[in-house]
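The structure under discussion appears below in the form of structure tokens.
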Number of protein chains: 2
Amino acid sequence: MNTPLPNQPVRGSHSGVAIMAVFDLLGRKWNMRILWELRTGPQTFRTLQENCDNMSPSVLNNRIKQLADARLLATSPTGYQLTELGNTLMTTLDPLRAWASVWEKQL
Amino acid sequence: MNTPLPNQPVRGSHSGVAIMAVFDLLGRKWNMRILWELRTGPQTFRTLQENCDNMSPSVLNNRIKQLADARLLATSPTGYQLTELGNTLMTTLDPLRAWASVWEKQL
DNA sequence: CTGAATCCCAGTGGATACTG
DNA sequence: CAGTATCCACTGGGATTCAG
């Protein structure tokens, strides 16, 4: 359950290369989904859970901690929300989304 | 062991959204590493295995199939190599690498 | 409602030995 | 060398329950 972070071994690589940590983190079930759900604004534990197909609270809690450890998400008076870092990550992903749509067409 | 592809459920999401498939695929152990190793040119099964910490042949074989299914890798007379799609993916990842290095510094 | 603690199961990754 | 077939161990994800 430890959070994938740069400069440490992660699933798939123990080189510590930062991008490997990104893929480990975002490749884990629900993490991308959670960040995606928060793009539009803060949400409470409960609503987040509902919006993520009623995922287990244990797992949601786990993911919140991971994303918080990674400084992508933080608590706010109105629930959980993306940090600045989290927001920039989401926009950085845009080109990858574009690539993915080309990929999708070529398959 | 089925390959994560667009328009089908993958780990973390059964929405079929293409980028989720990318993260499932690249989040799996060794896949990024393999693509990375092939960036400089074709490699044989054996050398690929050596360059990836002598990973199990069963797993390597499995990953090669996945990446081939995803059209990111193909066989060539001199071994395995990236496809055009595989190459564009690698370059598309550049901004993400840049983000990851900022992330690394902020942690 | 939030979130922590247990327990359980499947899937994934890995070691190994074997065949072409 | 390339690739396959078994078999096994582990961890990650999930259900459930309980506490703050």
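Convention: sequence-line order gives letters A, B, ...; per-chain numbering from 1. This one's a predicted model, so the numbers in the text were calculated from it and none came from an experiment.
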When every nucleotide of nucleotides 13-20 of chain D is labelled 5' to 3' by its protein contacts under 4.0 Å (heavy atoms), B for base, S for sugar-phosphate only, - for none, what sequence of letters results? SBBB----
Identify, residue by residue, the members of residues 33-46 of chain A with a heavy atom below 4.0 Å from DNA chain C, and return them in order of residue number, or none. T44(A), F45(A), R46(A)
Quick one: Q49(B) CD to dC1(D) C1', roughly how many Å, whole number? 10 Å
Rounded to the nearest 0.5 Å, what separates atom CD1 in I34(A) from atom CD in Q43(A)? 10.0 Å
Compare side-chain N and O positions of Y80(A) against OP1 and OP2 of dC1(C) and report whether any pair is under 4.0 Å apart. no
In whole angstroms, how far is the C1' atom of dA2(D) from the CG atom of L60(B)? 10 Å
Examine distances only and state if a side-chain atom of R33(B) and a backbone atom of N51(B) form a donor-acceptor pair shorter than 3.5 Å. yes
Would the distance check show the side chain of R63(B) and the main-chain N or O of K29(B) forming a donor-acceptor pair, the cut-off being under 3.5 Å? yes
CE (M32(A)) and CG (D24(B)) are apart, to the nearest 0.5 Å, by 11.5 Å
Quick test of your reading: applying salt bridge (Lys or Arg N to Asp or Glu O under 4.0 Å), list the pairs with at least one residue in residues 87-104 of chain B, sequence neighbours left out, ordered by first then second residue. D94(B)-R97(B)
Donor-acceptor under 3.5 Å (S56(B) side chain, V59(B) main chain): no
For dG3(D), does OP1 or OP2 lie under 4.0 Å from any side-chain N or O of N61(B)? no
Give a yes or no on whether the backbone of M55(A) and the side-chain of Q49(A) come within a donor-acceptor separation of less than 3.5 Å. yes
Can you tell me how far P of dT12(C) sits from CG of L25(B), to the nearest Å? 13 Å
Between D69(A) and K65(A), does any NZ, NE, NH1 or NH2 come within less than 4.0 Å of an OD or OE carboxylate oxygen? no
K65(A) vs dG3(C): side-chain N/O to OP1/OP2 distance below 4.0 Å: no
When the distance from CG of N31(B) to P of dG14(C) is rounded to whole Å, what number comes out? 11 Å
